[in-house]
Amino acid sequence: MYSPKVGDGLDSLDTPSMIVDLDLMEANIKKLMDALLPTGRDIRPHLKTTKSAILARKLNAAGAKGGCVAKLSEAEAITAAGFTDLLITCEIIGPHKVRRLVELFRKHRGIRIVVDSEVGASAINDALAASDIEDPISVLIDVDVGLHRTGVAPEQAVPLARHVGTLEHLRLIGVQGYEGHLQHLHDREDRKQQCLASMKTLTETASALRAEGYSIDVVTTGGTGTAEFCASVPGVTELQPGSFIFMDTDYRNAVGTFYSNSLTVLSTVVSRQGERQVTIDAGLKSLTTDSGLAECKDRRYTHTNLGDEHGCLTWEDDGTPALRVGDRVEMVPSHIDPTINLHEVYYAHRKGVIEEIWPVDSRGKVQ
Ligand code: PLP
Ligand code: MN
């Protein structure tokens with residue numbers, strides 16, 4: 001039976017398989033912690049990238065405090081896998097989710113949520129009021145700091161806080177403002193200046209709420225491309241970077257190689273198609289393409305095309321060794337979070353020896 005084990009070499013893995021270079025991953029974590037912990041900010045890494053309770057625990061052991069998840073169903077999966085200090089960063093809307101939230105909160109009172117509408121806040125309050133749970137749930141007001149995805153306009157934060165203030169089962173603890181539109185800006189100075197402007201909006205909103213008497217203890221924000229700038233702004237208390245742990249080619253091309261690509265998809269050459277072209281067994285079902293094609297780690301080979309199950313690698317006639325049927329290559333994902341969502345398990349290796357095997361706990365948890 002096929003059952004790769006700790007202690008086996010990578011050659012024991014069938015393909016495609018998602019593999020993590022532990023030395024590189026640990027270096028990424030250390031770089032982030034060394035850069036951000038001295039700023040005094042809490043680090044609440046976004047687990048929408050790793051989807052793994054084991055990795056959440058590793059990040060916390062390295063200095064993080066808690067984690068973020070995007071969706072309610074991710075929170076269900078990560079808490080079931082044993083990691084419970086979570087902020088759910090997407091609004092929870094609709095009767096099914098609100099019911100599920102009450103059940104999650106019944107088990108884990110530390111869960112934090114965000115709201116950006118009166119109707120959304122009231123629905124959660126009503127469901128808690130109808131339950132036998134007496135503790136209020138901790139809530140952050142989501143503020144739009146320029147992404148225009150979710151969040152109230154800054155001037156709507158105080159009116160929403162007033163409404164939340166009337167809801168007995170919600171306890172306002174802070175604000176969230178995510179500047180996702182800035183993460184991949186190539187020009188570092190431009191990214192910094194736009195980020196500082198977004199942070200001004202966010203911290204001024206927090207101040208306006210405090211002026212109305214609300215205790216705003218948490219001001220949470222930031223991603224891999226901006227966390228260092230967010231951390232320089234007085235009033236920001238918490239940072240939410242996610243991708244730094246593994247990176248991807250899209251992030252590398254935008255923000256550089258401070259963090260390295262520590263995750264690849266191991267793939268096998270399954271067919272030779274002429275002199276300088278082969279087909280590999282990793283296609284759309286193993287590597288996402290929303291941010292372009294994955295790259296071969298050995299950059300002498302160019303990834304030119306892919307279908308559901310296959311990819312195509314070509315190379316120049318410049319002495320680059322020909323790939324042969326049965327050879328293995330490592331592909332570097334172009335966008336890490338949705339690529340991980342395609343896989344069930346990580347094989348974490350050090351110098352080619354499998355050291356740990358981690359489930360992707362919240363794989364497919366999109367609700
Ligand atoms: N915070 C929120 C609300 C996000 O949506 C994301 C990613 O989309 C992040 C943090 C993490 O950002 P990154 O993966 O760019 O580090
Ligand atoms: Mn992403």
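Counting starts at 1 for both ligands and their atoms, following the listed order.
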Close aromatic pair by centroid cut-off 6.0 Å: Y346 and F246: yes

Please check if the number of heavy atoms outside [X] that lie under 6.0 Å from its [atom1] is greater than 12.
| X | atom1 | answer |
| --- | --- | --- |
| R57 | CZ | yes |
| Q367 | CD | no |
| E155 | CD | yes |
| E168 | CD | no |
| K58 | NZ | yes |

Please list the nearest protein heavy atom to [atom] with its residue and the distance rounded to 0.1 Å.
| atom | result |
| --- | --- |
| atom 12 (O) of ligand 1 | Y178 OH, 3.2 Å |
| atom 14 (O) of ligand 1 | S243 OG, 2.6 Å |
| atom 11 (C) of ligand 1 | Q240 O, 3.4 Å |

Looking at ligand 1, does [X] have a heavy atom less than 4.0 Å from it?
| X | result |
| --- | --- |
| C68 | no |
| A227 | no |
| Y251 | yes |
| R149 | yes |

Angle at the Mn ion (ligand 2), NE2 of H335 to OD1 of D337, rounded to 10 degrees, please. 80°

Salt bridge present between E74 and R363 (N-O < 4.0 angstrom): no

Would you call R252 and E295 a salt bridge, using N to O less than 4.0 angstrom? yes

List ligand 1 atoms under 4.0 Å from [X], heavy atoms only on the residue side.
| X | answer |
| --- | --- |
| G223 | 12 (O), 16 (O) |
| G222 | 10 (C) |
| P241 | 16 (O) |
| T224 | 13 (P), 15 (O), 16 (O) |
| K48 | 6 (C), 7 (C), 8 (O) |

Row check, F244 ring normal vs K31 NZ/CZ: under 6.0 Å, within 45°: no

Should T89 be counted as touching ligand 1, given the test is an N or O pair under 3.5 Å? no

Does T226 use its side chain to pair, donor to acceptor, with the backbone of G222 at less than 3.5 Å? no

Specify whether an N/O/S atom of D248 falls short of 2.8 Å from the Mn ion (ligand 2). no

